[in-house]
*Asks:* 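The structure's right below; bear with me while I get my questions together.
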2 protein chains.
Amino acid sequence: MQYQEAKEKFISTWGSLGSLWGINKAMAQIQALLFISTKPLSMEDIMQDLKISRGNTSMNLRQLMDWGIVTKVLVSGERKEFFTTEKDVQELARIVAKERSRREIKPVIKVLDEVSSIKNDGTEKTKELIKQTKALRELTDDLDTLMNKLVNQKQNWLTKSVLKLMK
Amino acid sequence: MQYQEAKEKFISTWGSLGSLWGINKAMAQIQALLFISTKPLSMEDIMQDLKISRGNTSMNLRQLMDWGIVTKVLVSGERKEFFTTEKDVQELARIVAKERSRREIKPVIKVLDEVSSIKNDGTEKTKELIKQTKALRELTDDLDTLMNKLVNQKQNWLTKSVLKLMK
DNA sequence: AATAACTTTCAGTAATTATTGAAAGTTTAA
DNA sequence: TTAAACTTTCAATAATTACTGAAAGTTATT
C-alpha cells in the first residue's frame, strides 16, 4: 500500500468512525486530514483534498473549533486562514471525553435524577421505574467519571498501570 | 412529576441517547420500555405504548435480540411471544461494550494497523502518517481494552476501587 | 473609499436513514 | 388440513441529516 491509498483509507475510516465519538462524517474527515498533515492547511486545501464544498468546509471547521479540536493559525505573509488540529492523541481524547460528557452525558444524568426522584406511590411500576433509573444513573455517572479521570491523566502512568493490573 | 410523565421522559431521553451507545432511536426506546416494565411485554404492547408500527417493532426487537440485550420469554397459556430485557445495568453495560468493541472498534484497529505499516519511504508526510496512526492505534486499543476490562468485572469491586483511587 | 481576497450564511437540494403497512410466511389449535 | 393467530419481510414513503453554491458579509490592501 502506498502513501496516497493509506491516507485515503485512514481518512475514510476515521470519517465513518465519527459517529462513535459523536461527530459527523465531514467533521471527522477534516480532523483526520489535519491530523496527518505536516503543516497547517487552508480552507482551499481542505476543500480540494476531501472534495467537499466551501460552505461545508467552513461550517465543519467552525464546529471543530467549537469543540476545541482545531485552531486557526496565522501564516506570515499569507492573507488566508490556516488550520491545524491537536496532534497529541492523549490531549485529543481528553478534549473529546470532556465535550461529550458536557454535551450529552451530563444532561442525561440530570434527566435520570429527575425521573428517579418522582414520588413513590407504592405501586409496583413506580418502584420499578425508580429502581431502574437510579441504577442507570449510578452506572452512567461512574463510567463518565472514570472516563474523564482516565483521559485526564496527562502523563498516562495511571492508565498504563491500571491496564497492567487488569491484564 | 407523575409516573406517566416520568416514564415518557425516561423513554424519550434514553431513545435520543441511543446514538451514544450506537443504536437507533426505536431500538433504544423499546429497550427503555422493557427496562422499566415489571413484566414481559408482547409486540402489541410495545407497538401501542410507543406508537410505532408492527414492522418497525419486529425489526428492532430482532436487532435487540442480536445484540443479546432482549430475550423472548414464553408466558404459559399465551400464544404470542413476550419480550424482556436484561435488567442488571452492569450486565447491560458489559454486553454493549463487548458488542461495540466487536462491531466497530476492532475493525478500526485493523485498518489503523494496515495504514501504519505502509513502507516508510523516508518522506515527511509518510513519517507523519505512520507516527500519527500508530499513536491513534495505541490509544484506541488501550481505551477499548480498559473499557472491556472494567465492565467485565461482574462484581464491580475493581471499578469501585479504581474510582475511589482517582477521586 | 474602492476593490480584491477571503469567509460565512442559508435556502434549496441531495443523500441517508427510519418507518409504515400490507402481503407473505409461520405456527398452533381444533 | 384448515383456519385463525401471530410474526416477518420489504417496497414505498416519510423524516432526518448533510451538502452545495451563490449571495451577503468581512477584512485587508491600495
Side-chain angles (χ1 to χ4, degrees), chain A residues 11-34 40-67 70-85 103-104, chain B residues 11-34 40-67 70-85 103-104:
Chain A
I11 289 173
S12 89
T13 304
W14 205 241
S16 58
L17 191 70
S19 69
L20 210 150
W21 48 295
I23 67 175
N24 75 26
K25 201 182 77 177
M27 230 174 121
Q29 290 191 342
I30 293 173
Q31 197 277 329
L33 177 62
L34 293 172
L41 302 178
S42 69
M43 223 164 77
E44 204 68 30
D45 295 334
I46 296 168
M47 286 168 57
Q48 284 177 9
D49 204 307
L50 301 179
K51 292 173 181 70
I52 58 177
S53 73
R54 192 172 294 282
N56 200 8
T57 308
S58 171
M59 281 161 68
N60 284 106
L61 275 172
R62 169 114 83 95
Q63 283 206 73
L64 284 164
M65 287 188 284
D66 283 350
W67 273 69
V70 162
T71 43
K72 277 186 190 168
V73 292
L74 292 168
V75 172
S76 60
E78 287 274 12
R79 172 92 169 259
K80 58 182 167 233
E81 297 171 326
F82 287 78
F83 302 88
T84 194
T85 190
R103 293 167 194 242
E104 299 175 88
Chain B
I11 291 173
S12 89
T13 303
W14 204 242
S16 60
L17 191 70
S19 70
L20 210 150
W21 50 296
I23 67 176
N24 75 27
K25 203 182 76 178
M27 230 174 122
Q29 291 191 343
I30 293 172
Q31 197 277 327
L33 177 62
L34 292 172
L41 301 179
S42 70
M43 225 166 77
E44 204 66 32
D45 295 334
I46 296 169
M47 286 169 57
Q48 284 179 9
D49 204 306
L50 301 179
K51 292 172 181 70
I52 59 178
S53 73
R54 190 173 295 282
N56 200 7
T57 307
S58 171
M59 281 161 70
N60 284 107
L61 275 172
R62 169 113 85 95
Q63 282 205 74
L64 284 164
M65 289 188 283
D66 283 351
W67 274 70
V70 162
T71 44
K72 276 186 192 168
V73 292
L74 291 169
V75 172
S76 61
E78 286 275 10
R79 173 92 170 262
K80 59 183 165 231
E81 296 170 327
F82 286 78
F83 301 89
T84 195
T85 190
R103 293 168 195 242
E104 298 174 89

*Asks:* Rounded off to whole Å, could you give me the CD-to-P distance for the A:E44 and D:dG21 pair?
*Replies:* 14 Å
*Asks:* What is the minimum heavy-atom distance between B:Q29 and B:G15, and which atoms define it?
*Replies:* CG-CA, 3.7 Å
*Asks:* Could you tell me the separation between the CD atom of B:E44 and the OG1 atom of B:T57, rounded to the nearest 0.5 Å?
*Replies:* 9.0 Å
*Asks:* When you match B:I52 and A:K72 each to their closest nucleotide on DNA chain C, which lands nearer the 5' end?
*Replies:* A:K72
*Asks:* Around A:R103, counting heavy atoms of other residues, nucleotides and ligands shown, do more than 12 lie under 6.0 Å from its CZ?
*Replies:* yes
*Asks:* How many whole angstroms separate atom NZ of B:K51 from atom C1' of C:dT20?
*Replies:* 17 Å
*Asks:* What's the shortest heavy-atom distance between A:M27 and A:N24, and which atoms?
*Replies:* N-OD1, 2.9 Å
*Asks:* Which pair of heavy atoms, one from B:W67 and one from B:G22, lies closest together, and at what distance?
*Replies:* CZ2-O, 4.1 Å
*Asks:* Please round to the nearest 0.5 Å and tell me the distance separating atom CE of B:M43 and atom CD of B:E81.
*Replies:* 8.5 Å
*Asks:* Does the side-chain contact (heavy atoms from CB on, under 4.5 Å) test come out yes or no for B:K72 and B:F83, once each step is laid out?
*Replies:* CA-CA 5 Å; B:K72 276 186 192 168; B:F83 301 89; 3.6 Å; yes
*Asks:* Minimum heavy-atom separation for B:A32 to B:W14, with atom names?
*Replies:* CB-CD1, 3.7 Å
*Asks:* In terms of side-chain heavy atoms of B:R62, which of C:dC10, D:dT7, D:dT9 is nearest?
*Replies:* D:dT9
*Asks:* Could you check whether B:N24 gets within reach of a base, just the sugar-phosphate, or nothing at all, counting any heavy atom under 4.0 Å?
*Replies:* sugar-phosphate
*Asks:* Side chain of A:S58 only, please: which of C:dG21, C:dT9, D:dT20 is the nearest?
*Replies:* C:dT9
*Asks:* Calculate, to the nearest 0.5 Å, the distance between atoms CD1 and CG belonging to B:I46 and B:L33 respectively.
*Replies:* 6.0 Å
*Asks:* Just how far, in rounded Å, is C1' of C:dT8 from NZ of A:K80?
*Replies:* 17 Å
*Asks:* Can a donor-acceptor pair be found, under 3.5 Å and without considering hydrogens, that links the side chain of A:D66 to the backbone of A:Q63?
*Replies:* no
*Asks:* For nucleotides 22-26 of chain D, print each protein N/O atom paired with a nucleotide N/O atom at under 3.5 Å, atom names and distance only.
*Replies:*
none

*Asks:* Enter the inter-axis angle for the ends of the helix from C:dA1-D:dT30 to C:dA30-D:dT1 (five pairs per end, rounded to 10°).
*Replies:* 10°
*Asks:* Looking at every non-hydrogen atom in both residues, tell me the closest pair between B:A28 and B:G18 and how far apart they are.
*Replies:* CB-CA, 4.0 Å
*Asks:* Could you tell me the separation between the CD1 atom of B:I46 and the P atom of C:dT19, rounded to a whole number of Å?
*Replies:* 14 Å
*Asks:* Once you round to the nearest 0.5 Å, how far does CG of A:N56 lie from CD1 of A:I30?
*Replies:* 6.5 Å
*Asks:* What is the distance, to the nearest angstrom, from the CG atom on B:N56 to the P atom on D:dC10?
*Replies:* 16 Å
*Asks:* Both B:K25 and A:K25 contact DNA chain C. Which one's nearest nucleotide lies toward the 5' end?
*Replies:* A:K25
*Asks:* Taking atom C1' of D:dT8 as reference, at what distance in whole Å does atom CZ of B:F83 sit?
*Replies:* 11 Å
*Asks:* Write down the distance between CZ (A:F82) and C1' (C:dC6), rounded to a whole number of angstrom.
*Replies:* 12 Å
*Asks:* Please list, pair by pair, any protein nitrogen or oxygen found under 3.5 Å from a nitrogen or oxygen in nucleotides 27-29 of chain C.
*Replies:*
{"residue": "C:dT27", "atom": "O2", "partner": "B:R79", "partner atom": "NH2", "Å": "3.1"}
{"residue": "C:dT28", "atom": "O4'", "partner": "B:R79", "partner atom": "NE", "Å": "3.4"}
{"residue": "C:dT28", "atom": "O2", "partner": "B:R79", "partner atom": "NH2", "Å": "3.3"}

*Asks:* Once you apply a heavy-atom cut-off of 4.0 Å, does A:E81 come out as touching a base, just sugar-phosphate, or nothing?
*Replies:* sugar-phosphate
*Asks:* Atom CD of A:Q63 to atom C1' of C:dT9: distance rounded to whole Å?
*Replies:* 14 Å
